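Quick notes on the structure that follows.
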Amino acid sequence: MDLMEKLEVLADAAKYDVACTSSGSDRGAVRGKLGATQAAGCCHSFTADGRCISLLKVLMTNVCAYDCAYCSSRRSNEIVRTSFKPRELAGLTIEFYRRNYIEGLFLSSGVLGTPDYTTELMIETFRILREELGFRGYIHAKAVPGTSSELIDRMGRLVDRMSVNLELPSQESLALLAPQKSRQHILAPMRQIAEGIAESKETRLLAKRKSTFYRGGIQRASAQHPFSPAGQSTQMIVGASPESDFQILNLSASLYRTMSLKRVFFSAYMPVNDDSRLPKTDAVQLNREHRLYQADWLMRFYRFDVSELVDERQPFLDPLVDPKANWALNHLEVFPVEVNTAPYEALLRVPGIGVRGAQSIVRARRTATLREQELRKLGIAFKRARYFITCNGVYAGAGVQMTRESLRPHLATPINGGRHGRRADNALPNQLSLFEVV
Amino acid sequence: MLRGEEPLQHVAYVYDGTLEGLLSAVFLAYERHEEPEDIVPLEMYEPRLGQSSIPVETDFARADRVRRGIERAAGRAAFTAVMRASTCDNYETGAVVLAFVRYVMARPVTLKGEPVLDELANPFVVDLKRLEKRCVNECEKMRQFVRFSHLRNGVWFAKVAPNASVVPLVMGYFADRLNDQPFIIYDEAHRIAGVYDGRSWQLVRGDVADVPAATEHDALMQEAWRRFYDALAIGDRYNPELRRHFMPVRLWSNLPEMALAPVLGDEGNDGRRCGAISRGEGETAFGNLTVSPVHSWSRRQESNPQPPDYKSDALPLSHAGKP
């Protein structure tokens, strides 16, 4: 099988891994060596489904010893199986990088024999890239669950970001759908990566500080490569198992807190296998995935706490209204806020005012009083925000009462007149499947 | 200062398209105590009814005086904004820059401490920031979508067509990142090329003709990239508007992965139908073309993609897109 065909097979097998950002690492260029990274990352192309392509996202091999129910490369599927050789994959990465097709490499893998053997193949690829070819671009490695800690450490010092997929939000679902992956095998590498990142950061901070005493031990440590400098992320499948948004978001929040993850990715379950353990519908819960990402953004950038978004009484996010607007409707006593005097955190809570909008309001109001005509030019969604703000004392949402029932239809209207978001339909509840046996 | 000449009412200043030319035009407006309606490069100039034009001679000393004036009055960030805005191809660029400079020079003393670019309620600042944003976005698009191909003579060549003259602003980025390969980025819209010889980079004006052929290995890598691009698309998530939002169609002509796949019969918007193409088959309505197998639907370009009732809740997901 030639390189072209291998690339097609292994890229096709890797496409359900949605973690494909090239951000978090700021490695400058060095004369004579190819490549550099930028902290913001860079998307180089976009697939037909609108997702960004910024890395060469492939599997090392799609041979797999595991039999996870949801995976297209599982052991019991009959598909074409192949594997990259480390040197040819490194060469392909360099060729694509020189043409500015990619920022770097994203390497995941099926389990070839044992997790350790697979990881050694991946480490060989990274070693060739970093040490032989002097590559300074971005590398994101997916650690195989169950790998030993020495190999995780070695790999972490060669790559920019390392992650382990959680796959499913709870232990019961994991045991049902991915029986060979134990929760311990997933959490142990995650913890090790988190500790490695923290230790590496601390060491570099200490090494930077000037001091008068001899720092022999610390100096040796700082000469080592930093461990996974762009942090860690993870991914879970949404819709393959019966957990509620409450469980998923709480799990997300605790991961951010305890493992200092950069991001949690949600992937809507795509039916690729026919299996009795999987949901019997071919509908894809894209809207639910969208709402989960919106909730995730609120937690990371808008300083929301997870209990403000979901709780036991309402364990699912509202599909018709986005989580921020939903919070605003449930807490109307906080509104209206005065844009000229309200603190930044209060402005962030207004539906229609995002992070950029709040920052430009704070900057603009230092030199001018903001009335309606100035506010409209600032780049906020004024049609949504007008019910929740006053501009220099003037309330522009006249005609609508400040109650949940009257405001809800105004906020539930689709953004941008209905053309926003995917034009295919949402997954409907109680939908019959073509494959259902009646 | 003009002797015996009245300032003209409807006048346009015509400059040579460079930043120094634009700043010289600004200087001229102050010198002649005039308020030109437009300040445009010569290639773009179209006189309004009753408008006369004055050619502007590019004078580096005058341009430098204007630059220092802006920096003294409003700081270096303001001049950087002016420099970026000046690269845009809009007709109103020159007039916006002149209005901004006039405001900056006449700014009230009470606002001295605040950065001028934060005055987002001021229409002159807002207009300049809009153009600056356009330039910065175009720089980002360049970093994303420039595609090099390896020519037989060893040079890596890329052709681009941005809507602002941003090649000078991104050459440093590429020279850093690809510092061991000599490359040329040719901007065909503005007829300017950035040339990096392995050591330093410079700009060359003019057309690029007689580009040598690419190596065979390069053709192989382009095909590998196309196959990779097609393999990544997931049919259930097909969303061409989202792709167009991030990757505007005007950029597709220089992207190898968006090279037109032949349109086969009547498939509407259903991406899945094209998956039935078997490997290597070539018979199409356009003659014997090699169709990239299985996923060529991902590169189709539709002129009118939406069936009339796509938003109907009555359609189950598995029939999404079918009219």
Side-chain angles (χ1 to χ4, degrees), chain A residues 3-4 7-9 11-12 15-16 28-36 42-53 56-58 92 95-96 98-101 137 268 270 282-284 286 360 363-364 366-370 374 377-378 418-419 422-428 431-432 434, chain B residues 111 114 118-122 126 140 143-150 156 158 174 176-181 218 220-225 227-243 245-247 255 257 271 297-299 306 310-313 315-318 320-321:
Chain A
L3 185 62
M4 194 90 79
L7 176 64
E8 220 167 357
V9 168
D12 190 87
K15 69 187 179 195
Y16 295 106
V30 163
R31 178 157 291 285
K33 294 191 179 180
L34 175 71
C42 184
C43 300
H44 282 286
S45 192
F46 293 87
T47 60
D49 30 277
R51 292 177 304 140
C52 134
I53 302 175
L56 175 61
K57 182 161 65 172
V58 284
L92 186 65
E95 290 292 325
F96 277 6
R98 284 192 187 280
R99 291 166 172 78
N100 203 41
Y101 294 164
M270 301 275 167
D282 61 348
V284 180
L286 289 172
S360 36
R363 284 162 68 192
R366 288 212 301 260
T367 51
T369 310
L370 299 176
E374 282 98 21
K377 285 189 275 189
L378 277 183
R419 280 173 288 133
R422 187 161 189 266
R423 63 190 164 89
D425 293 310
N426 316 326
L428 302 172
Q431 181 173 323
L432 286 179
L434 291 173
Chain B
L111 291 173
E114 302 286 339
D118 272 1
E119 292 177 34
L120 299 171
N122 186 322
V126 163
E140 183 59 25
R143 282 187 283 267
Q144 293 177 329
F145 299 118
V146 157
R147 300 276 191 260
F148 291 97
S149 62
H150 196 193
W156 297 78
F174 284 112
D176 266 349
R177 157 180 287 240
L178 305 171
N179 61 67
D180 61 354
Q181 64 190 53
D218 190 75
L220 202 70
M221 285 294 115
Q222 276 202 6
E223 183 56 31
W225 174 242
R227 300 264 195 108
F228 175 71
Y229 178 82
D230 289 340
L232 281 189
I234 299 178
D236 286 321
R237 301 184 72 123
Y238 184 53
N239 195 348
E241 297 103 346
L242 188 60
R243 170 173 61 177
H245 170 74
F246 287 119
M247 193 160 74
L255 297 177
E257 66 264 29
W297 65 267
S298 67
R299 285 191 270 124
Q306 300 175 20
Y310 76 89
K311 281 192 288 186
S312 162
D313 278 333
L315 287 178
L317 184 70
S318 46

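A, B, ... follow the sequence lines: proteins, then strands. Residue 1 opens every chain. If you're wondering where the values come from, they're calculated on a predicted model, not measured in any experiment.
Judged as a side-chain hydrogen bond (donor to acceptor under 3.5 Å, both in side chains), and not counting sequence neighbours, the contacts of A:R98 are B:D180, B:Q181. For B:D118, the side-chain hydrogen bond (donor to acceptor under 3.5 Å, both in side chains) criterion is met by A:R363, A:R366, not counting sequence neighbours.
In this structure, chain A has heavy atoms under 4.5 Å from both the backbone and the side chain of B:L178. At a 4.5 Å heavy-atom cutoff, A:V9 makes no contact with chain B through either its backbone or its side chain. B:D218 touches chain A through backbone and side chain together, each having a heavy atom under 4.5 Å away. Both the backbone and the side chain of B:L220 come within contact range of chain A, judged by heavy atoms closer than 4.5 Å. The contact between A:L56 and chain B is made by backbone and side chain atoms together, counting heavy-atom distances below 4.5 Å. Heavy atoms closer than 4.5 Å to chain B are found in the side chain of A:L7, but not in its backbone. For A:Y101, the parts lying under 4.5 angstrom from a heavy atom of chain B are both the backbone and the side chain.
Taking chain A as the reference chain and counting heavy-atom pairs below 4.5 Å, the highest number among B:R143, B:Q222, B:E119, B:H150 is found for B:R143. Here A:V30 is the residue among A:T369, A:L92, A:V30 with the most heavy-atom pairs under 4.5 Å with chain B. Comparing B:W156, B:F174, B:F148, B:W225 by how many heavy-atom pairs each has under 4.5 Å with chain A, the most go to B:W225.
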Q: I would like to know whether A:T47 and B:R243 meet side-chain contact (heavy atoms from CB on, under 4.5 Å); could you show each step before the answer?
A: CA-CA 7 Å; A:T47 60; B:R243 170 173 61 177; over 6 Å; no

Q: Go through B:H245 and A:F46 one step at a time and tell me if the side-chain contact (heavy atoms from CB on, under 4.5 Å) criterion holds.
A: CA-CA 10 Å; B:H245 170 74; A:F46 293 87; over 6 Å; no

**Q.** CA sep, side-chain torsions, deciding dist, call: B:L120, A:K377, side-chain contact (heavy atoms from CB on, under 4.5 Å)
**A.** CA-CA 8 Å; B:L120 299 171; A:K377 285 189 275 189; over 6 Å; no

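Residues B:Q144 and A:C42 approach most closely at CG-SG, 3.7 Å, considering heavy atoms. Closest approach of A:E374 to B:A121, counting heavy atoms only: CG-CB, 3.5 Å. Nearest heavy-atom pair, B:L232 versus A:A11, reported as atom, atom and distance to 0.1 Å: CD2-O, 3.9 Å.
The shortest side-chain heavy-atom distance between B:L242 and A:R51 does not fall under the 4.5 Å cut-off. The side-chain heavy atoms of B:R147 and A:S45, taken from C-beta on, include a pair separated by under 4.5 Å. Annotation: side chain of B:F145 is not in contact with side chain of A:H44 (no heavy-atom distance under 4.5 Å). You'll find the side chain of B:R237 reaches within 4.5 Å of the side chain of A:L286, heavy atoms only.
Between the side chain of A:N100 and the backbone N or O of B:V146, at least one donor-acceptor pair lies under 3.5 Å. Looking only at distances, no side-chain donor or acceptor of B:N239 sits under 3.5 Å from a matching main-chain atom of A:G50. The backbone N or O of A:K33 lies less than 3.5 Å from a partner atom in the side chain of B:N179, making a donor-acceptor pair.
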